[in-house]
Amino acid sequence: MRRTTIGSLPGQLLFTALLLLPLGSVARPADKAATTPQSDVRPTREDPYRKTGFSFTPIPALSYSSDLGFQLGAILDCYWFGDGSTYPKYMHKLTAEACYFTKGSGIYHLFYDSDYLLRNLRVTASASYLPNTMMAFYGFNGYGAPYLRDHNAGFYAVDRNLLRIMGDLQGRIAGNLGWAAGAAFFHYRTGRIRVDKYAGQTTLYDLYRRYGVIRDDESRGGSHIELRTGLVYDTRDNEPDPSRGLYADLLLYGSPDLIDRRGYDYLKAAVSFRHYVSLIRNRMVFAYRLCWQGTVAGRAPFYVQQNYATLFLKQINSDILGGAISLRGILYNRVVGDGMAWANAEVRLRLFDFRLFGQEWYISTNPFFDIGIVTRPFRLEEMRAVGNDTSVPEEIRRTIYSGQRETPHMSAGLGIKIVMNRNLVLSVEYGIPFDRRDGSNGLYLNMNYLF
């Protein structure tokens, strides 16, 4: 199921690191006074290196993920550093990505971020279309839903297409304390897989529908508007690549039943805390993240439960728990409930620095440990009712409900990062779960640090 096939781990890491190397970068001068082709201000003892003007970074999207397969496509990151006074922080960033994954999904994404578009406000906006003909679906409530290795990939899959449009504003209250507010539009289209290879095969999604764990009025997806507000506290020295400081946010987000009018309106809360401790200045950082999110009122449809609530998506796919953006090495979407908590810890060791294509680079490694758990079950009574119903065939009962209590899901692994200008982060990570009920391993080639 989740086994990688590229050879030994060192070979995998070398192969994937080479895939991630960009074709190059083009920089334009910020003004006529710039005298170098890349408009860099050269470092001296009194005046360290800083980037100015535009920086265009085209990247071939050639990567691999155990969750999604090989990626084929292109990414373009555009940065504006102005006169360099804010470096390494950019003034404006625009990202465009279009790609396809060999396991049946795609990404078509635009993202914008700036502290300088509106006075005293941070603006982030994105528009994404995320089709997936083989979306991982392992059921609800972690270990309460069995993972049976004798079933093929098609059994644990659904067809899901997501259109997501998001916009957020952040402003300052006092010092490092700020507020946040935003809105998003989601349109989900879900259904059984349509891959010819699995035509006619019964899937877990089919069984959930047949026995009422997934209800008919939500089974095909739906549309909703989500509103959110919250508080943010941020003392990080550099957001894409922090070496010290902390970040904490408290978000309330909810959806009134305005579009589909099926009775699915909900209010959820999300809390996250991230801390970056410099162990060796400019060389070693201990970083950890603590998160929780869950429903506090109303009822949410099944297809929104795995969505990660955050103001700034480090990765475009926002599905948790399990996989690249939450529990590395654990099956994608393995841990889904009405409430979920997780934590990540890693040591980021900066190995060496160099200059290439007129840019400032460094390579680092990050051994990590991840842990997560369902804190509030989702439709556990419906699953238990099927499991205890002797009129249901035993094979189906043991497929829907394990009878096992939920315990922490844990994994550990190692990553390698290639960082340009302390803004663009190319990542290779490999994780192994502690429990075979969570899969075998995971290999991820992504952009950015996990947090």
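Just so it is clear, the model here is predicted, and its values are computed rather than measured.
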> Between F81 and Y90, is the gap from one ring center to the other below 6.0 Å?
Replying inline: no

>> Determine whether a donor-acceptor pair (N or O, by modelled atom type, separation under 3.5 Å) exists between the side chain of R422 and the backbone of Y87.
In response: no

> For the side chain of E226 and the backbone of S255, is there at least one donor-acceptor N/O pair under 3.5 Å apart?
Replying inline: no

> Would you say T133's side chain and G104's backbone share a donor-acceptor pair under 3.5 angstrom?
Replying inline: yes

> Sub-3.5 Å donor-acceptor pair from the side chain of N421 to the main-chain atoms of N423, do we have one?
Replying inline: no

>> Tell me whether S411 contacts the main-chain N or O of I330 through its side chain, where contact means a donor paired with an acceptor under 3.5 Å.
In response: no

> So do Q293 and L251 actually touch side chain to side chain, heavy atoms under 4.5 Å?
Replying inline: no

> Hey, does Y108 have a side-chain heavy atom less than 4.5 Å from the side chain of P131?
Replying inline: yes

>> Just so I know, are the side chains of Y247 and E239 near enough to count as touching, which here means a heavy-atom distance under 4.5 Å?
In response: no

> Is there side-chain contact between Y401 and L380, with at least one heavy-atom pair below 4.5 Å?
Replying inline: yes

> Does the pair D237 and S243 meet the rule for a side chain to side chain donor-acceptor pair (under 3.5 Å), with working shown?
Replying inline: CA-CA 7 Å; D237 59 339; S243 60; 2.4 Å; yes

>> Set out, in order, the CA-CA distance, both residues' side-chain angles and the distance that settles side chain to side chain donor-acceptor pair (under 3.5 Å) for S318 and N307, then state yes or no.
In response: CA-CA 6 Å; S318 58; N307 189 56; 2.8 Å; yes

> Distance-only, no hydrogens or angles: does the N344 side chain make a donor-acceptor pair with backbone N or O of D370 under 3.5 Å?
Replying inline: no

> Is there any salt bridge (charged side-chain N to carboxylate O under 4.0 Å, His left out) pair reaching into residues 159-168, and which pairs are they, with sequence neighbours excluded?
Replying inline: D159-R194, R160-D319, D168-R228

> Do R328 side-chain atoms and G431 backbone N/O form a donor-acceptor pair below 3.5 Å?
Replying inline: no

>> Side chains of I371 and I373, heavy atoms from C-beta outward: is any pair under 4.5 Å?
In response: no

>> Listing request: all side chain to side chain donor-acceptor pair (under 3.5 Å) pairs with a residue in residues 179-190, at least two apart in sequence or in separate chains.
In response: H187-S223

> Do other residues, nucleotides or ligands put more than 12 heavy atoms under 6.0 Å from R172 CZ?
Replying inline: no

>> Tell me whether Y156 contacts the main-chain N or O of L148 through its side chain, where contact means a donor paired with an acceptor under 3.5 Å.
In response: yes

>> Are F137 and Y208, when compared by the centres of their aromatic rings, separated by less than 6.0 Å?
In response: yes

